[in-house]
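Step one of this worksheet: look at the structure below.
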Amino acid sequence: MDREWGSKPGSGGAASAQTEAMDRRERLRRLALETIDLAKDPYFMRNHLGSYECKLCLTLHNNEGNYLAHTQGKRHQTNLAKRAAREAKETPAQPQPHKRKVSVRRSVKIGRPGYRVTKQYDPETKQRSLLFQIEYPEIEDNTKPRHRVMSSYEQRVQPFDRGYQYLLFAAEPYEIIAFKVPSTEIDKSTPKFFSHWDPDSKMFTLQVYFKTKPLEANKPQPPPAANGTAAPGAPSRPLPPPPLPPQGLPNPPRAPPPPVPGSLPPPPPPMGNGLRPIPLGGTPMPPPPPPGGSGTMANFTPRPPTIPPQGFPGQLMQGQGFHPPPPPPNMGQ
């Protein structure tokens with residue numbers, strides 16, 4: 001501490017009140033710089049002039065140390081108390097929720113219990129089951145083992161697998177053991193799902209039946225392949241759909257009715273050029289007789305039908321010639 005003027009060097013003079021106040025503020029500033037983070041102070045603000053302000057007390061400070069010394073002063077602490085009282089008065093008091101206190105027992109674990117797992121199958125219902133027998137020879141008095149089913153997403157020991165679930169067994173002071181079983185729905189009917197604790201032999205028994213999947217129970221057997229090369233259990237190929245009727249015809253043509261016994265066959269349809277088709281016997285049908293009466297048609301002489309040449313148009317066969325038919329007689333004169 002600086003000595004007072006007029007005292008001898010080395011002699012400790014009495015410090016004035018102003019000197020003690022300055023020394024106290026300096027010690028508080030150094031302590032605040034070490035313990036207080038200004039970035040988390042809601043009332044600390046730096047203005048555009050480079051100085052610092054206290055938004056609670058509306059005071060101006062030249063540096064951070066001066067502001068920290070202000071936060072430890074009486075004025076700042078009084079304003080903090082006033083603001084806390086005003087906020088408590090404005091905020092309505094809400095009832096606190098009742099929290100149930102659960103005491104956690106901490107006991108020393110002695111290891112894992114012995115167990116035996118038996119796989120079973122019911123041929124009548126086609127259900128699979130598991131029989132668990134857990135031995136607890138050192139179980140605490142007046143306690144029974146407990147069991148629980150846990151999904152794969154609740155545990156943190158193994159990766160998630162939606163195809164499996166876990167069956168847990170617990171009893172003090174033994175460690176909790178778990179069995180990984182398929183995630184099939186458990187049949188909890190009375191005769192199938194049961195648990196029993198034998199206090200004399202200290203053995204806990206649990207039987208679990210799994211429900212059969214409807215796809216496996218009602219799935220028809222696939223037909224065998226023709227060549228026998230299909231793998232067992234492979235799905236058969238679906239049959240092709242039936243052909244659709246043509247879209248161009250609104251009404252499909254109907255078949256002609258069957259002939260009535262004892263009646264003549266129907267006449268063949270007329271041809272476009274006036275000629276009738278040759279029957280299957282090979283002999284052409286005779287032309288119809290001319291109409292009777294007088295006139296120009298009375299002298300009409302029918303001609304035998306001409307057989308068209310065999311071959312392509314414009315091509316003559318060997319030894320034959322093609323002649324056009326003569327023009328018809330002039331009927332108008």
Side-chain angles (χ1 to χ4, degrees), residues 1-111 140-143 146 148-160 166 168 170-178:
M1 186 177 294
D2 297 338
R3 62 183 177 86
E4 294 290 341
W5 294 103
S7 59
K8 295 180 180 180
S11 61
S16 63
Q18 183 180 3
T19 307
E20 292 181 356
M22 292 175 57
D23 182 65
R24 184 178 64 254
R25 286 195 298 268
E26 181 66 20
R27 285 188 287 106
L28 292 175
R29 185 184 68 84
R30 289 196 300 264
L31 179 63
L33 285 175
E34 295 176 358
T35 58
I36 298 178
D37 188 7
L38 293 179
K40 298 181 180 179
D41 192 348
Y43 307 111
F44 177 75
M45 183 183 69
R46 182 175 182 177
N47 56 17
H48 64 286
L49 299 176
S51 57
Y52 304 96
E53 297 181 8
C54 177
K55 293 190 293 184
L56 178 63
C57 305
L58 302 179
T59 55
L60 187 64
H61 307 276
N62 296 329
N63 49 41
E64 296 179 355
N66 193 353
Y67 172 80
L68 291 175
H70 162 73
T71 58
Q72 305 298 326
K74 182 178 179 180
R75 181 179 181 180
H76 190 83
Q77 296 296 331
T78 304
N79 291 337
L80 286 177
K82 289 182 180 180
R83 170 159 293 194
R86 183 172 64 252
E87 291 179 354
K89 184 178 180 180
E90 294 176 356
T91 305
Q94 298 180 356
Q96 297 294 333
H98 177 69
K99 296 182 179 180
R100 182 180 178 182
K101 296 182 179 180
V102 179
S103 60
V104 180
R105 294 184 56 187
R106 298 189 179 277
S107 59
V108 180
K109 303 297 183 180
I110 62 175
E140 294 182 357
D141 297 337
N142 301 326
T143 58
R146 295 167 296 170
R148 178 192 175 219
V149 178
M150 177 185 291
S151 70
S152 178
Y153 298 95
E154 297 181 58
Q155 54 88 26
R156 296 293 182 270
V157 179
Q158 296 184 355
F160 303 145
Y166 297 86
L168 279 67
E172 296 294 342
Y174 291 91
E175 296 181 1
I176 301 176
I177 59 175

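FYI, the numbering just counts along the sequence from 1. Atoms considered below: every heavy atom in the structure, side chains included; atoms not considered: hydrogens, waters and symmetry mates.
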Check your understanding: Can you find a pair of side-chain heavy atoms, one from Tyr166 and one from Ser152, that are under 4.5 Å apart?
Key -> yes
Practice item. Compare every heavy atom of Leu60 with every heavy atom of Ser51, then report the nearest pair and how far apart it is. Key: OG-CD1, 3.3 Å
**Study point:** Any donor-acceptor pair under 3.5 Å from Thr91 side chain to Ala88 backbone
**Key:** no
Practice item. Taking Asn63 for its side chain and Asn66 for its backbone only, find out whether a donor-acceptor pair lies under 3.5 Å. Key: yes
Review point. Does a side-chain N-to-carboxylate-O contact under 4.0 Å join Arg30 and Glu34?
Key: no
Exercise for review: Evaluate the side chain to side chain contact (heavy atoms under 4.5 Å, CB included) criterion for residues Leu80 and Tyr43: first the C-alpha distance (whole Å), next the side-chain angles of each, then the deciding distance (0.1 Å), finally the verdict.
Suggested key: CA-CA 10 Å; Leu80 286 177; Tyr43 307 111; 3.6 Å; yes
Check your understanding: How about Phe160 and Tyr153: are their ring centroids closer than 6.0 Å?
Key -> yes
Review point. With a 4.0 Å cut-off, would you call Glu172 and Arg146 a salt bridge?
Key: no
Review point. Is there side-chain contact between Leu38 and Tyr67, with at least one heavy-atom pair below 4.5 Å?
Key: yes
Review point. Of all heavy-atom pairs between Thr19 and Ser16, which one has the smallest distance, and what is that distance?
Key: OG1-OG, 2.9 Å
Review point. Does Gln155 use its side chain to pair, donor to acceptor, with the backbone of Gln158 at less than 3.5 Å?
Key: yes
Point to revise | CG on Leu56 to CZ on Arg75, rounded to 0.5 Å | key: 9.5 Å
Check your understanding: If you round to the nearest 0.5 Å, how far is CD of Glu64 from CG of Asp41?
Key -> 11.0 Å
**Study point:** Contact list for residues 76-90, test side-chain hydrogen bond (donor to acceptor under 3.5 Å, both in side chains), sequence neighbours left out
**Key:** His70-His76
Check your understanding: Do other residues, nucleotides or ligands put more than 12 heavy atoms under 6.0 Å from Met150 CE?
Key -> yes
Exercise for review: Answer yes or no: does atom NZ of Lys74 have more than 12 heavy-atom neighbours from other residues, nucleotides or ligands under 6.0 Å?
Suggested key: no
**Study point:** Side-chain (Lys55) to main-chain (Pro42) donor-acceptor, under 3.5 angstrom
**Key:** yes
Practice item. Would you check if Cys54 and His61 make a side-chain contact, meaning some heavy-atom pair closer than 4.5 Å? Key: yes
Point to revise | Leu168 vs Val149 side-chain heavy atoms within contact, under 4.5 Å | key: no
Exercise for review: For Tyr52 and Asn62, test the side chains for any donor-to-acceptor distance below 3.5 angstrom and give the result as yes or no.
Suggested key: no
